[in-house]
Amino acid sequence: MKKVTSGGGWPAIWYTFRKGREAGGIWKLWKAMRSKNACKTCALGMGGQQGGMVNEQGHFPEVCKKSLQAMVADMQGSIDPEFWQQYSIEDLKQLTPRELENCGRLTQPMLYTPELRRYQPIPWEDAFRRISSKLCEIPADETFWYFSGRSSNEAGFLLQLFARLYGTNNVNNCSFYCHQASGVGLASSTGSGTATIVLEDMDAADLVFVIGGNPASNHPRLMRTLMQVRRRGGEVVVINPLVETGLVNFRVPSDVRSLLFGTKIASLYVQPHIGGDLALLTGIAKRVIELNAHDVNFLVSHCNNWDEWAQNLAAASWEDITTKSGVSYEQIDAIAQKYAKANNVVFSWTMGITHHAHGVQNVQAIANLALLRGMVGRPNAGLLPIRGHSNVQGIGSVGVTPKLKDAVFERLESHFGVALPTSDGLDTMGCMEAAHSGNLKFGLCLGGNLYGSNPDSTFAQQAIENLDMMVYLSTTLNTGHSFGLARETIILPVLARDEEPQPTTQESMFNLVRLSDGGPRRHPGPKSEVEVIATIAHEVSSTDLGPNKNVALDSIEWLRMRNTGRIREAIAAIVPGFDKLKNIAETKEEFQIDGRTFHKPSFPTVNGRANLHAHQLPDLLGNEGSQLRLMTIRSEGQFNTVVYEDYDLYRGVEDRHVILIHPEDIAARGLDPAVPVTVHGPAGSLSGVRLHPFPQIRAGNTAMYYPECNVLVSRHLDPASKTPAFKGVIITLEPEGALLVPNETELNSA
């Protein structure tokens, strides 16, 4: 498959027409996309009360493949009843993630047991009875509750409330496997775990760093912003071991000039080794100080630990920095020179930074670099974690975390007149390990694909299989429904965001709360997430649990909580900064959450000052023998674990069972691209993998598609955030046929 030379452009336009045909016509898709609902995919915060395809500044049209793909998936027909008779679990396991997604919408509650060997439809009443009966049988701390970022604030708040009043703090969300390191790292630096800027701040930026991310594929609407930076004469510095097509040149379809002639995005593209980010960021900071471009007054007046960090930088050797980052002194100097000359700088990053065993330190190092020149705490500059799912930040804000913030804990108790559990809750990996060891019996997943999100797929499957019951609230099928099976598994079909019968809210990565109106259901059968949660809570509350029962359950009239307005009243009273949420359905006033945007150098830390952090540079792994460094990646036709297209247009890859590897690494190992290999990783092996020569990746480093390659990834976590190290995985390759090409040693000896 030929790799395109630009992202976006005419292929994106033709793709839109193709998706329109799949949805039943362009006009039908247009109306769905223009409804007053927040975008279902990334957290840039499109849509809401300004209508779909409108960004937070009111610009129209803002269209991307990701939102089209998600919408068309929700507009599918329903799965035929005959499907469940035709496909056993073993048959479902043979389907790819894309094939499962394209089976259609789930419209009936489904039950699986090992005796049935397949899913079979059951009535809603039977599903609720089975779930509530199981919850009544077991202690609360033998359960866990996992939340996707696609659900609403209302559903997230209600489910975590139920879980805690039921008696457990085993409440966690998908951010533990993606951006938790951003939240922890930012909170330790600025006192808040979210972006320090609003979208308007980027309009004045003359330099934007894009570190460890690929927004051209995963957050395409951000490309218009980067295009505007370049048009103003600003610069974009991209730091990524892999040269991404869309970050070199992008054709914004909604801009005629860009569509016809393309827009150069990266003014400087630097390729560190996977795992070399901390050393590189340290080197940039060291060089900025050598250039005397740092803001000493800001550092002394508004930061803690300046002297300690300065000494740490002074002691860091350039040899150590360049060796451990894989970036030359000349390249580091070039970055520092651009940073030193810029007036308004935004630092953005994604999971190429967080998916490391030192992910929190990576984020702290980015914050250090921004604080070094006073680029936090004023307008038009700051820190921007580019978050994935559309409401992953909101889910965290409303209390979906093992440990509630003190203010939320106290207000929740006083508002409802209840006593909350104080036991230590488990993070996501903690729950998987407890399930594997037999200490948990029940799991409930509010959307998402818990199995597909986990490193060490074999372990994840075993952990879920060890549960008595797993409950999934889903719109379509995914690999978790075929591999993540407990002794009893129930799928509850739920409505998509734009089908909800009542308004719901979501929070963007710029801390803006958006209001979604919902809309007409597309299929009979699925229920609102809020209705499902309230009904389960009511069933459990109405049952005599004996010694297992937490009397706090009776403090809530759960069926009344099917009203999203009542939930918003509670959130407004309990969660700091959400006061305006109470009347948002009536006022239609979307709002910025107070206390998170830092346009003045006053931070919500103990003494109002930002914190600088000194780090010891980790060794660069993967240099021994035939070892290679691996990072998991997503394709241009994918969003999180959901795969919409098997091909990757931007990288010229036809299928997903490949490893992207530099031609030098193929030659050095005497490998033949025509011969498949087995990839050996710390957690397992994957056979039948095709070598895809890819000169755009830094030699010594490789990439494979997530979630298929998760079987290789170990459960090694960042100790501060509990985020798995999906990047920097050390692998070796074993050819599955005869070596047709002699390696360098053999050539020399011959």
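- A donor-acceptor contact shorter than 3.5 Å is absent between the side chain of Ser217 and the backbone of Asn214.
- Remark: the Asp655 side chain and the Tyr647 side chain contain no N/O donor-acceptor pair separated by less than 3.5 Å.
- With 3.5 Å as the limit, one finds no donor-acceptor pair spanning the side chains of Trp14 and Thr16.
- Among the candidates Leu467, Asp468, Val471, the single residue satisfying the side-chain contact (heavy atoms from CB on, under 4.5 Å) test with Phe442 is Val471.
- The only option from Ile491, Leu111, Thr113 that meets the side-chain contact (heavy atoms from CB on, under 4.5 Å) definition with Tyr119 turns out to be Ile491.
- With Thr535 contributing its side chain and Glu531 its backbone, the two residues share a donor-acceptor pair below 3.5 Å.
- No hydrogens or angles considered: a donor-acceptor pair under 3.5 Å links the side chains of Asn172 and Thr428.
- Inspection of the Asn153 and Thr505 side chains reveals an N or O donor paired with an N or O acceptor under 3.5 Å.
- Dense packing is recorded around NZ of Lys19, with more than 12 heavy atoms of other residues, nucleotides or ligands lying under 6.0 Å away.
- For the pair Tyr650 (side chain) and Gly8 (backbone), a donor-acceptor distance under 3.5 Å is present.
- Ring planes of Phe726 and His355: tilted class, angle from 30 to 60°.
- Side chain of Trp349 to main chain of Ser182: no donor-acceptor pair is present (N/O by atom type, distance under 3.5 Å, no hydrogens or angles).
- Side chain of Thr354 to main chain of Cys178: a donor-acceptor pair is present (N/O by atom type, distance under 3.5 Å, no hydrogens or angles).
- Judged by distance alone, with hydrogens and angles left aside, the side-chain atoms of Arg690 form no donor-acceptor pair with the main-chain N or O of His657 at under 3.5 Å.
- Residue-environment remark: CZ (Arg117) stays at or below the threshold of 12 foreign heavy atoms within 6.0 Å.
- For the pair Glu645 and Arg98, the salt-bridge criterion is not met [side-chain N within less than 4.0 Å of a carboxylate O].
- Partner of Asp456 under the side-chain hydrogen bond (donor to acceptor under 3.5 Å, both in side chains) criterion, out of Gln461, Gln462, Arg715, His716: Arg715 alone.
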Per-pair distances, 0.1 Å, donor-acceptor, side chain in residues 79-90, under 3.5 Å, sequence neighbours excluded:
{"from": "Ser88", "atom 1": "OG", "to": "Glu90", "atom 2": "N", "distance (Å)": "3.4"}
{"from": "Ser88", "atom 1": "OG", "to": "Asp91", "atom 2": "N", "distance (Å)": "3.2"}
{"from": "Ser88", "atom 1": "OG", "to": "Asp91", "atom 2": "OD2", "distance (Å)": "3.1"}

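- The neighbour count for Lys93 NZ, taken as heavy atoms of other residues, nucleotides or ligands under 6.0 Å away, is above 12.
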